[in-house]
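Below, read A as the first sequence line, B as the second, and so on, with proteins coming before strands; counting in each chain starts at 1. The figures here come from the full heavy-atom set of this structure, side chains too, leaving out hydrogens, waters and symmetry mates.
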Protein chains: 2
Amino acid sequence: MLAVGRCAVKSEHSLYYGAMPRVTAEYLAARRGHILSAAAARFARDGFHRTSMQDVIDEAGLSPGAVYRYFRSKDEIIIAISLEAIGSVERVVQEALREHRSVPDLVVGLPAAITGLDDADDRMRLAVQAWGEVLRNRDLADRMAGELARLESALRDRVEMGRRDGDVAEEVDADAVAHVLLAVVQGFILQRAWNPHLSAEAYGRAARDVVAGQLAR
Amino acid sequence: MLAVGRCAVKSEHSLYYGAMPRVTAEYLAARRGHILSAAAARFARDGFHRTSMQDVIDEAGLSPGAVYRYFRSKDEIIIAISLEAIGSVERVVQEALREHRSVPDLVVGLPAAITGLDDADDRMRLAVQAWGEVLRNRDLADRMAGELARLESALRDRVEMGRRDGDVAEEVDADAVAHVLLAVVQGFILQRAWNPHLSAEAYGRAARDVVAGQLAR
DNA sequence: TAAACAAAAGCGAATGTTCCTTCTTTTTAG
DNA sequence: CTAAAAAGAAGGAACATTCGCTTTTGTTTA
């Protein structure tokens, strides 16, 4: 959790004198982040719906009025946290796509990269919760659809690149394969959220072996 | 939804006269199932926590007293439905394991077998919700761990069988590969819950191609 | 420089609703 | 006629959110 004292961020120079806020934009952003961290910690432990606003408020060490100054509703907090949880995974995959050229190379390191994130255990638990939230929150679903589309498109491009290089068979459906590769990541997140002792390295090696055709020689 | 009239199941012969229930065990089981179907329909649409008991009661066409005769609490209904949603997938995989011998043959038909279940769309939405529920319901987690262990063990056995047949490389970690294969199924369920237009057949073929090493030649 | 001021930030008791569950009464089946 | 089953009104707690008041902060004024 962030430790943001009320006076931690002093005001800079002001441009508008009449209607300026009393604190800087950085202070507001930091406090917002502080509330999100507190909420994430509770949500990861107890779930979105078994955590009351009072729990979040207590965890943040604030008052209801303060929290509701930064977020219009509990749902707004849930959406913000869900997007972050899902987005952090997307960034890891995109990063891996930049670093590795072949599909087996790609999948072998992904699980460890995900578990290497800050607060990875919390993040994965939040992601699993968020998946369910997406099913019934239209706003969240729309925003997540965008991230998902980018991810699938990037994976598909990689498969098609492999095809041009001759590593990937001509007749495979690049789009469907992208879904399968995504599933390998999603399944890992789910299983690891359930069992934090699941080895990311062993899973990564197994995924590489599967993709490398070691199951069908 | 099941349509169980109040008098649909007549009493059979009674053995104990003094303290016998007024209706048969079949009637009780049918009514219990009816309530579960009603709850599942609502839960699939609105989620466990956005569905009130009154919603379930209305959907079942009963009264609070009637529903609470069959279930001690809302949580008990959630657990029953979660176990069924997760269990139905397990049965499909076990069935597929019985029918197909090679790993590629196994994965190609699994997605279509899952979408072929009764009320498949609802079942998958419920499964995704249940995954999140498992994270914070100890009782549910314990019971699901059992199912999961059986499934992983069956998949691992299949991989080891492949190894004896020479299809699978000696050095692969059968246990970790089982997790990856499970992920391919879980990821499909998630993606299909999000997008019911996802083609089970295309996904199955892509999964087969991936497992058959078509991405790394 | 320091006192006063204005506006934002924060507080927290209170509100009104929602919801799960219970309990008494009524109905139904055997 | 008896006992189970169902009904449904009502209890009682939990909860998200609001709103009037207080504190803090940055600026202006004496």
Can you check the B:E26 CD to C:dA29 P distance for me, whole Å?
17 Å
Below the 4.0 Å mark, does D:dA7 have OP1 or OP2 next to a side-chain nitrogen or oxygen of B:S63?
yes
Without decimals, in angstroms, what is the distance between B:F71 CZ and D:dA6 P?
12 Å
Output a table of nitrogen or oxygen pairs between the protein and nucleotides 16-19 of chain D separated by less than 3.5 Å.
unit_1, atom_1, unit_2, atom_2, d
D:dA16, OP1, A:M53, N, 3.4
D:dA16, OP1, A:K74, NZ, 2.8
D:dA16, OP2, A:M53, N, 2.6
D:dT17, OP2, A:Y68, OH, 2.6
D:dT17, OP2, A:K74, N, 2.8
D:dT17, O5', A:Y68, OH, 3.3

Closer than 4.0 angstrom, basic N to acidic O: yes or no for B:D75 and A:R50?
yes
Whole-Å gap separating P (C:dT18) and CG (B:D55)
12 Å
What closest approach, in Å, do A:A154 and A:L97 show between heavy atoms, and which atom pair accounts for it?
CB-CD1, 3.5 Å
Phosphate OP1/OP2 of D:dA7: any B:R69 side-chain N/O under 4.0 Å:
no
Checking A:Q191 against A:N195: is there a side-chain donor and acceptor pair closer than 3.5 Å?
no
Can you tell me if B:S88 and B:R123 form a side-chain donor-acceptor pair at under 3.5 Å?
yes
Given atom CD1 of B:I77 and atom C1' of C:dT21, what is their separation to the nearest angstrom?
12 Å
Return no unless some side-chain N or O of A:Y27 is found under 4.0 Å from OP1 or OP2 of C:dG10.
yes
Please report the distance, rounded to the nearest Å, between CZ in B:R50 and P in C:dT17.
20 Å
Can you say whether the rings of A:Y203 and A:F188 are parallel (under 30°), tilted (30 to 60°) or perpendicular (over 60°)?
tilted
In whole Å, I'd like the distance from the CZ atom of A:R31 to the C1' atom of D:dT24.
12 Å
Distance-only side-chain donor-acceptor flag, A:E90 / A:Q94, under 3.5 Å
yes
Base, sugar-phosphate or nothing for B:Y70? Non-hydrogen atoms, less than 4.0 Å.
sugar-phosphate
